[in-house]
Amino acid sequence: MAEITYRDAVIRGIAQEMARDNDVVFLGEDVAKAGGVFKATVGLYEQFGPLRVRDTPISEQAILGAAMGAAMTGLKPIAEIMFSDFFAVCFDYIANEFPKARYMSNGQTKCPLVVRTGNGAGSRFGAQHSQSVENWCMMIPGLKVVAPSTPLDVIGLLAAAVRDPDPVIFLEHKSLYATKGEVPDGEILDTLGTAKIVRPGKDCTIIALALMVSRALAAAETLHDEHGIDCEVIDVRSLVPLDTQTILASVAKTNRLFTVEENPRLCGWGAEIVSIVADEAFYDLDGPPVRITTPHIPLPAADILEDIVLPTPGRIVDTVRRSLGS
Amino acid sequence: MSTASDRAPGAAGSGLNDDIGEDKRLALYRSQVRLRDAEQRAFDLFLQNLVKGTSHLSLGQEAIAAGFAEAMVKGDLSFCTYRGHAHTLARGVPVEKVLGELMQRDNGLMRGKGGSMHLTSEEHGVMGSYAIIGAHLPIACGAAWRAQYKGDKDVSVCFFGDGTTNIGAFHEALNFAAVWKLPVIFVCENNLYMEYTPIKDVTAVEHPAADRASAYGLERIVIDGNDADVVYRTAQKAFAKARAGEGPSLIECMTYRHSGHSRADPAKYRPEGELEKWKERDPVKIYRERLKQFGVSDDKIAEIDASVRKEVDDATEACKAAPMPPLDILTTDVYADGGWAWRN
Ligand SMILES: Cc1ncc(C[n+]2csc(CCOP(=O)(O)OP(=O)(O)O)c2C)c(N)n1
Ligand SMILES: [Mg+2]
């Protein structure tokens, strides 16, 4: 057992998989000799050498295209797109190529690859380096979409993503890179498509993802200590596949549902969860499901502005209290 | 235009350069006739409303598909565009499988799930046909990277049109392949048009691929894409280079499509007389004459023509009789577990 950062967990996860399987290769901009712009790949080049850890030109289409061609023909590539906002310049691969190849070819073509990317706000980088793009990815049939919130989950879910036979979008939260968590020694392997109850409770269910998990947990503590509200907090972890059973079971127990989403409001992942709960567990609900999201605006750069637009523990507390009438 | 000629100066005897050999020559001819007949049949079936959706023919461009495919060995990989019927057939995929897919029947290559623009037959090395312009150039790089990494000797060949040289993915892929020295061959089929617009109206240089080669440290290669021997020889050189670990090639093949861009496009945007001029340089006609120069008998040629015609006729009948795809394949193969489940 050791306490490590989310950033070091990325390194350890990649290293674990590269050490296990020679077909795992890694490419991206500044990832090899420089160790990554977020220093989340430091040492991999030294450990695995220039044939397996490769710097690329600033060519996001070439990075993802090459990953796909390699995956189709037998390798297990991990590709890094530095900021998830840059998905927009290589979205063809994410939307049209990776997820359609198997279906269009009637099962002939495989695409076992992982795209890692720095996602999310909090760095005061402004509207083109701060977005939470999980909703861009979740809507595409054929992709899997994962966003871990702790160092332990980074390693376990990254390992699961690398071993998964489908294309997986792996969203690392930039504001979590410096956070720490306990991680056991030895190999760590988790399961895609599993949500985690990170705080059991009986009065309401709060579902969160990535950076929002710690905020939901902080809110739950306040709600408990100061207002006597016992929240169940679920880290959804994997948007596709989606662990609806854990969510539905929780709502059946608490009878209230909140989502805490960093993505802009329209078509955020919480809308899908609310719709599933409305369809399948409407009579479990004692009140309307409530979505706590970033508003439908581009993200501002200034700290004072960025801090207001993301859901905060304070906003979660207020929203839950108001909704529960306490 | 390359001076690669059929008449090698100083060659003994007939004065003909017989570096290609009779077997390969017959194979090149047979392949071109087969592509011609299958594509013509696809067009006829489109007019009968039996080929649905869209269709992009390679009529007039057969020498490129045949020349490259005949230079490939088992294991080499083809990456094609929506104009990919010819390249798919040239790797040995049965006509029935291609026509079946065009007719969206259950006997099609992908049972109707892909359609004419996405022909894929991995067992023949056809690693997909891509309908987003330029997308497959980086993908071919990735397959070549795997070969390089594994020490495999196969080469990835990526076919695309003149118009494709103006999209970013082309330039990203060329630079990437050059920097990584990948065993990949980029084949530009310059048929003078991108859809309905003359390529010269929208491109800064005369030769859209070759005139960009120097930007990536590559040799400038423009060849007669209507002469299968020229294509075959050029391909062989590029394969040898790739297999020797000397990196990528970019080859611009000058050609012309006899039909419209897609479907029943009448191609009214072409100046009068242009098609007629290019039909004098019809690759199938050129090659039939070539065989005769080499003393291949009319009977032998007629025999090849007839056997190809029979394959196409039989395939047509089989496709007409084939059932439509069953509905239960709708939700198969979205994910690798064979299904489409996105939740529990
Ligand atoms: C990204 C993208 N833009 C536009 C199109 C529409 N489109 C399909 S074919 C084509 C022309 C391509 O011309 P060229 O590369 O010369 O190939 P050709 O059709 O002549 O074989 C266009 C513009 C597309 N499929 N993808
Ligand atoms: Mg063209």
Side-chain angles (χ1 to χ4, degrees), chain A residues 22-23 25 27 51-52 54 56-75 77 89-90 92-93 95-97 99-113 138 141-144 164-166 193-194 239-246 272 276, chain B residues 77 79 108-115 117-123 127-132 134-150 152 154 156 167-169 171-177 179-180 182 184 329 332-338 340-344:
Chain A
N22 271 323
D23 287 341
V25 288
L27 78 168
L51 291 181
R52 296 184 67 193
R54 299 198 70 163
T56 69
I58 308 167
S59 300
E60 279 76 12
Q61 298 189 78
I63 293 169
L64 294 193
M68 177 169 172
M72 286 167 65
T73 56
L75 297 185
V89 301
C90 50
D92 179 38
Y93 296 93
N96 290 321
E97 311 298 343
K100 311 282 198 282
R102 182 181 294 274
Y103 188 83
M104 293 198 302
S105 68
N106 192 36
Q108 294 177 67
T109 305
K110 56 189 168 119
C111 192
L113 57 81
M138 186 187 184
L143 288 182
K144 292 180 177 172
D164 196 87
D166 288 308
T194 54
L239 293 174
V240 185
L242 184 65
D243 182 2
T244 54
Q245 294 311 314
T246 296
E272 191 57 51
I276 290 169
Chain B
L77 304 176
F79 293 81
L109 206 42
M110 299 93 73
R111 301 183 73 188
K113 287 178 82 169
M117 299 203 283
H118 298 292
L119 299 177
T120 304
S121 184
E122 293 205 356
E123 62 170 304
M127 301 304 288
S129 303
Y130 298 79
I132 308 295
H136 60 317
L137 281 84
I139 297 171
C141 287
W145 174 30
R146 180 268 321 148
Q148 181 187 62
Y149 177 71
K150 294 280 223 184
D152 296 339
D154 63 274
S156 293
I167 203 163
H171 297 274
E172 290 195 14
L174 262 290
N175 182 59
F176 190 90
V179 173
W180 287 25
L182 296 174
V184 58
I329 65 169
T332 60
D333 293 316
V334 177
Y335 291 101
D337 63 5
W340 66 305
W342 54 271
R343 56 168 286 188
N344 60 6

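Every value quoted in this text rests on a predicted model; they were computed, and no experiment measured them. The chains referred to below are lettered A, B, ... by the order of the sequence lines, with proteins before strands, and numbering in each begins at 1.
Interface remark: of the candidates B:Y130, B:Y335, B:W340, B:Y335 forms the most heavy-atom pairs closer than 4.5 Å to chain A. Counting heavy-atom pairs closer than 4.5 Å to chain A, the top-ranked of the candidates B:A140, B:A169, B:A131 is B:A169. Put simply, of B:S121, B:G115, B:A144, the one with the most heavy-atom pairs under 4.5 Å next to chain A is B:S121.
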Yes or no on ring pair (Phe, Tyr, Trp, His ring centres under 6.0 Å) for B:F79 and B:H136, after CA distance, side-chain angles and deciding distance?
CA-CA 7 Å; B:F79 293 81; B:H136 60 317; 7.5 Å; no

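Proximity to chain A (any heavy atom under 4.5 Å) is restricted, for B:I329, to the backbone atoms N, CA, C and O. A:L64 does not touch chain B: none of its heavy atoms, backbone or side chain, sits under 4.5 Å away. At a 4.5 Å heavy-atom cutoff, the contact between A:Q245 and chain B is made by backbone and side-chain atoms alike. Using a 4.5 Å cut-off between heavy atoms, B:W180 contacts chain A through both its backbone and its side chain. Within the 4.5 angstrom heavy-atom criterion, only side-chain atoms of B:Y149, from C-beta onward, approach chain A. Both the backbone and the side chain of B:A135 come within less than 4.5 Å of a heavy atom of chain A. Heavy atoms of B:V334 lying under 4.5 Å from chain A belong to its backbone as well as its side chain. Of the atoms belonging to B:N344, heavy atoms from both backbone and side chain fall under 4.5 Å from chain A. Proximity to chain B is absent for every atom of A:D164, based on heavy atoms less than 4.5 angstrom apart. Of the two parts of A:D243, the backbone and the side chain both hold a non-hydrogen atom closer than 4.5 Å to a non-hydrogen atom of chain B.
The pair A:D23-B:R146 fails the salt-bridge criterion, with no side-chain N (NZ, NE, NH1 or NH2) lying under 4.0 Å from an Asp/Glu carboxylate O.
Of the possible donor and acceptor atoms, none in the side chain of B:K113 sits under 3.5 Å from a partner among the backbone N and O of A:S105. A donor-acceptor pair under 3.5 Å is absent between the side-chain atoms of A:Q61 and the main chain of B:E172, judged by distance alone. Side-chain atoms of A:E60 do not come within 3.5 Å of backbone N or O of A:V89 as any donor-acceptor pair.
For A:P77, the side chain to side chain contact (heavy atoms under 4.5 Å, CB included) test picks out A:V25, A:A67, A:A70, A:A71, A:L75, A:L113, with sequence neighbours left out. Not counting sequence neighbours, the partners of A:P165 by the side chain to side chain contact (heavy atoms under 4.5 Å, CB included) test are B:A336.
Taking 4.5 Å as the limit, some side-chain heavy atom of B:M127 sits within range of a side-chain heavy atom of A:T73.
One side chain, B:E122 or A:T109, offers a donor N or O that lies under 3.5 Å from an acceptor on the other.
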